[in-house]
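Numbers restart at 1 for each chain; the letters A, B, ... are given by sequence-line order, proteins then strands.
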2 protein chains.
Amino acid sequence: MSKSVSKKKIREQILERSIRLFAKAGYDGVSMRDVAVAVALTPAALYYHFADKEQLYVDAVAYAFREVTGVLKSAIEDAATPLAQLESVVGVATKMLAKNKSLVRLMQWVKLDSDRQRLQKLGTTAFDELFLTIHKLVGKLGPGYNASLFTVSITSMVVFPFEVMDTCRFLPGYESKNDDPAVLSRHVVRLLHQGLSGADDGSQ
Amino acid sequence: MSKSVSKKKIREQILERSIRLFAKAGYDGVSMRDVAVAVALTPAALYYHFADKEQLYVDAVAYAFREVTGVLKSAIEDAATPLAQLESVVGVATKMLAKNKSLVRLMQWVKLDSDRQRLQKLGTTAFDELFLTIHKLVGKLGPGYNASLFTVSITSMVVFPFEVMDTCRFLPGYESKNDDPAVLSRHVVRLLHQGLSGADDGSQ
DNA sequence: GTCTATACCATGATAGAC
DNA sequence: GTCTATCATGGTATAGAC
């Protein structure tokens, strides 16, 4: 509290506003000028807080996903059986992603990143613990399945719908109720639990 | 054949090389200079063949996905039962995506496109028929499920693994055999068919 | 059809004043 | 800590010669 707000507080403010910008337009789509405007500073001032644009970006993504990992981990801890843990994780995750679209888009930009160095930094600072958490869950959930593939499958079923939401709005036969996280959550759990054998009970 | 090659051939050549560039770096990441270099022309010459950069981009994406739709439709026609059609589609799709990574990345860029006009053009010129094809299949496959959500689920299980492949390479516990489209294909079909109830037979 | 040349604007990053 | 000022680079698109 030396001047007005601490250096750390300013850093976090920059990170939080950067997240929204990077989520919208990706690394290349956001200029230091854009960030500067969003935090009411000049571009030069940003270089006092962060070494360069890449450092700012990686820190912002890690900052955004630290909370996600924590929430999912406690969702698992709060449930008793593996199936209940699945329901809990899927329910909590869909709710988070529906509420915070930035998370979805940040992940999308990361997946598309073609800078190998940056991608490695992102993987190890933002996503490794999250991946391991799901990996451990599916190991108990479906011991007969390849755990890595299963992890990706579950992740995909939860995340992908949010990724295509905006695009599907322009396709024929789109129903807006599918945007409801609770509807998606039930669909995913049921599909995973029953597969096609449960296709003709009426709980749609 | 008036001069050396027909105007149409040149257009297709530009489209094919553009696809690779746009797949790598997206709309904003590719300059008209880049395209010009790739086709051994000058930027100004491109503006003779395409009205502007956006026209070139939309045409390139539509050009890339015209073939995909055709291949998947015949994969469905060649199989008798809905389940066989599922196996056929998933098998063919995984093989295509594994062989042609540009398709995966192009879709990723489209999903992230935040220009609504351009997104609508892309949806209606490149993806609507593909979406309807899968939608029709899942209607027969699992009549008890919400067909739109089911379409997205299947698509996600097939496409998402290719999207995260590069990122997962930096995560702990990664196994490179998961990159095999045949392995992925079997995993997806089995998970859809049996769900968690089939988790402990040994056909991993 | 393709070229050269150019108008005009945005970018990341830095130097040095305060 | 934050500013102003600046630089080199690279973006889309067009005009007009050939």
Side-chain angles (χ1 to χ4, degrees), chain A residues 1-61 109 112-115 117-118 121-122, chain B residues 1-61 109 112-115 117-118 121-122:
Chain A
M1 52 168 70
S2 54
K3 282 214 165 166
S4 55
V5 281
S6 72
K7 186 173 167 182
K8 193 176 170 189
K9 275 285 172 203
I10 295 217
R11 240 187 82 99
E12 286 180 1
Q13 177 110 169
I14 296 174
L15 289 176
E16 273 159 26
R17 310 226 174 167
S18 301
I19 287 171
R20 275 191 288 209
L21 294 178
F22 284 127
K24 212 174 292 184
Y27 182 80
D28 291 322
V30 176
S31 68
M32 293 300 266
R33 284 173 166 85
D34 295 334
V35 178
V37 169
V39 294
L41 288 178
T42 58
L46 294 175
Y47 285 89
Y48 172 79
H49 296 279
F50 299 90
D52 54 18
K53 189 186 170 185
E54 177 163 323
Q55 189 64 238
L56 168 60
Y57 177 67
V58 173
D59 286 356
V61 175
W109 290 115
L112 271 169
D113 205 318
S114 46
D115 183 316
Q117 259 201 337
R118 195 167 59 207
K121 273 192 220 168
L122 289 165
Chain B
M1 52 168 71
S2 52
K3 282 213 164 165
S4 55
V5 282
S6 72
K7 184 173 169 183
K8 193 175 170 188
K9 275 287 173 203
I10 294 215
R11 241 187 82 100
E12 286 180 2
Q13 177 109 174
I14 296 174
L15 288 176
E16 272 159 26
R17 311 226 172 166
S18 301
I19 287 171
R20 275 192 287 212
L21 295 178
F22 284 127
K24 211 173 292 182
Y27 182 80
D28 290 323
V30 176
S31 69
M32 294 300 266
R33 281 175 168 88
D34 296 333
V35 177
V37 169
V39 294
L41 288 178
T42 58
L46 294 176
Y47 285 88
Y48 172 78
H49 295 278
F50 299 90
D52 54 19
K53 190 187 171 186
E54 177 163 323
Q55 189 63 238
L56 168 60
Y57 178 66
V58 174
D59 287 356
V61 175
W109 290 115
L112 270 169
D113 205 318
S114 45
D115 182 314
Q117 259 202 338
R118 196 167 59 207
K121 271 192 220 168
L122 289 165

A.B. asks: For the CG atom of L46(B) and the CD atom of Q55(B), what is their distance to the nearest 0.5 Å?
C.D. replies: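 CD of Q55(B) is found 13.0 Å from CG of L46(B).
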
A.B. asks: According to side-chain hydrogen bond (donor to acceptor under 3.5 Å, both in side chains), who are the partners of S31(B), at least two apart in sequence or on a separate chain?
C.D. replies: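 Residues passing side-chain hydrogen bond (donor to acceptor under 3.5 Å, both in side chains) with S31(B): D34(B).
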
A.B. asks: Return the value, rounded to whole Å, for the distance between atom CG of L56(A) and atom P of dG12(C).
C.D. replies: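 About 11 Å, once rounded to whole Å.
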
A.B. asks: About how many Å separate CZ of R17(B) and CD of Q13(B), when rounded to the nearest 0.5 Å?
C.D. replies: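 Reported value, rounded in 0.5 Å steps: 4.0 Å.
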
A.B. asks: Does V30(B) offer a backbone N or O that forms a donor-acceptor pair with the side chain of K53(B) under 3.5 Å?
C.D. replies: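 A pair under 3.5 Å: yes.
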
A.B. asks: So does Y48(B) get a side-chain nitrogen or oxygen closer than 4.0 Å to the phosphate oxygens (OP1/OP2) of dT2(C)?
C.D. replies: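 False: Y48(B) side-chain N/O out of range (4.0 Å or more) of dT2(C) OP1/OP2.
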
A.B. asks: Summarise how protein sits on nucleotides 4-18 of chain D as a single string, 5' to 3': B when a protein heavy atom is under 4.0 Å from the base, S for sugar-phosphate-only contact, - for no contact.
C.D. replies: B------BBBBB---

A.B. asks: Parallel, tilted or perpendicular: which describes the rings of F22(B) and Y27(B), with under 30° parallel and over 60° perpendicular?
C.D. replies: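 Rings of F22(B) and Y27(B): parallel, under 30°.
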
A.B. asks: Between L46(A) (CG) and dT11(C) (P), how many Å, whole number?
C.D. replies: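 Rounded to whole Å, this separation is 13 Å.
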
